[in-house]
Amino acid sequence: MRLNSKARRRSLAQFPNSSGLAVVQADLRRFESNSKLTANVREHYEHLERLASNLRKLGMDMETIDMHVVALFHEYKAELAKVVEARSAGERTQRIE
Amino acid sequence: MITCQVENETERLDALRRMDLLDTPPEQAFDRITRLAKSVLGTPIVAVSLIDVDRQWFKSIQGLDVSETPRDVAFCDHTIRRSEPMVVEDARLDERFANNPLVVGDPGIRFYAGAPLRTRDGYNIGTLCAIDLRPRTISAQHLEVLEDLARLVVDEMELRLVATTDSLTGAMTRRALFEAASRDFLRARRHHYGMNCAVLDIDHFKSINDRFGHAAGDLILQNVVAVCRSVLRQSDYLGRVGGEEFVVVLQDTDLQASLQVAERMRKEIESLVTVFSGNSIQVTASFGLAGRDFVGSSFEELLKMADAALYAAKHNGRNRVVCSEESKQGARAA
């Protein structure tokens, strides 16, 4: 699956100030061919958005919701960085061989 | 109720195995989700439960100091048969659970709410569940949050799967294969299971790429992985460790049986015809095989023996399976 530039801007705009997504952005062209990774990133955002909305409906204040959502995304982002690193290393290995 | 694919247990277990999470250490990402669920739902116990063949194993658990239970007493085994959450407000009043040892004995479960962990290909591999030791109800909005958090658990799992999967062929990545094989090697040694390893390399692959282009080469790699998988069992696995080089790990089997499996893979590859841009392309592969049963103290050592056998297979004319000398001697001695 290829993201066109408009869709790419839209998906990245969903995570302002996200260094994890900045890592993805830097390597985005390489990963555009990996539909599973791009789909996972997009769906994760949608799931966080839905969680935030439902926590709000339960009466949780925005500050607490933000804290939880950012913490959850922080964990995800750390794993995402590992994925990016692993895939880059794998591609380097295969180029060398 | 929408029908799930849980009735297809073999494929569901395959999906669980692909995640490669069973018996792995706790991870902060999952613990954070269970802690949040515990806080929002107000239940003393929350867990990420994975339903294996005969057990439920907890990737993350809050409020209870156990790592697994038998599957036949697991509430979560009922939840994975559904497409939506399951709620039991008072287990003692529910005939399915009234006599369950987890209800009548420790920890004394009374309330249960579980949301299935459904993979993107539609398999319920486990649940995110909340448990209380007193009867209670749960609001629709709280249940939605439980489902939201279950989706985040699946996101985390799927992300790990992307990291461990070679994007071209769907085989495991080199790193993932080494991690899994090193872990399984130690387990095999501890429990005296057989574990064998085959290294396969597609013969003259560079000339295929040069002649037909990289797109043709990529298609051949995908087809080779597909035919190899068709020969392998659920417990075996295959990783791409180089451009056209793969490692197959065969568990709980002896050297002779592994030799037959490698030979079947070799024949399948030999008879495979890849059609690309009007060209029918055929390839062969060489195999080096080594067994852990009798020699070696690490997976790396096993792999070295298989590599040496692969070298011999290449040296002796390619398109053949060669078993490492050390493994054969070990087998004879045993």
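Keep in mind that what you see is a predicted model, and the values were worked out from it rather than measured.
Within 6.0 Å of atom CZ in Arg211(B), 12 or fewer heavy atoms from other residues, nucleotides or ligands are found, so the atom counts as exposed in its surroundings. For NZ of Lys314(B), the number of neighbouring non-hydrogen atoms (other residues, nucleotides, ligands) closer than 6.0 Å is greater than 12. Counting heavy-atom neighbours within 6.0 Å of Phe212(B) CZ, excluding the residue itself, gives a total above 12.
Leu48(A) contributes atom CG, which lies 12.0 Å from atom CZ of Arg151(B) (distance to the nearest 0.5 angstrom). Remark: Leu152(B) CG to Arg50(A) CZ distance equals 10.0 Å, nearest 0.5 Å. Separating the CD atom in Glu79(A) from the CZ atom in Arg160(B) is a distance of 3.5 Å, to the nearest 0.5 Å. Here CG of Leu51(A) is found 12.0 Å from CD of Glu147(B). Values are rounded to the nearest 0.5 Å. Rounding to the nearest 0.5 Å gives a distance of 6.5 Å between CG of Leu36(B) and CG of Leu55(A).
For the 3.5 Å distance criterion, the side chains of His47(A) and Asp155(B) qualify, holding a donor opposite an acceptor.
Side chains of His142(B) and Leu58(A) form a contact here, defined as non-hydrogen atoms less than 4.5 Å apart.
Contact of Leu159(B) with chain A is made through backbone and side chain together, with heavy-atom distances under 4.5 Å.
Here Lys57(A) pairs with nothing under the salt bridge (charged side-chain N to carboxylate O under 4.0 Å, His left out) rule; sequence neighbours left out. Every residue was checked against the salt bridge (charged side-chain N to carboxylate O under 4.0 Å, His left out) condition with Asp307(B), not counting sequence neighbours, and none meets it.
For residues 23-33 of chain B, a heavy-atom distance under 4.5 Å to chain A picks out Glu27(B), Gln28(B), Ala29(B), Arg32(B), Ile33(B), given by residue number. Residues of residues 59-71 of chain A lying within less than 4.5 angstrom of chain B, judged on heavy atoms, are Met60(A), His68(A), Ala71(A) in numerical order.
A salt bridge is defined here as a Lys NZ or Arg NE, NH1 or NH2 lying under 4.0 Å from an Asp or Glu carboxylate O, and Arg120(B) with Glu43(A) meets this definition.
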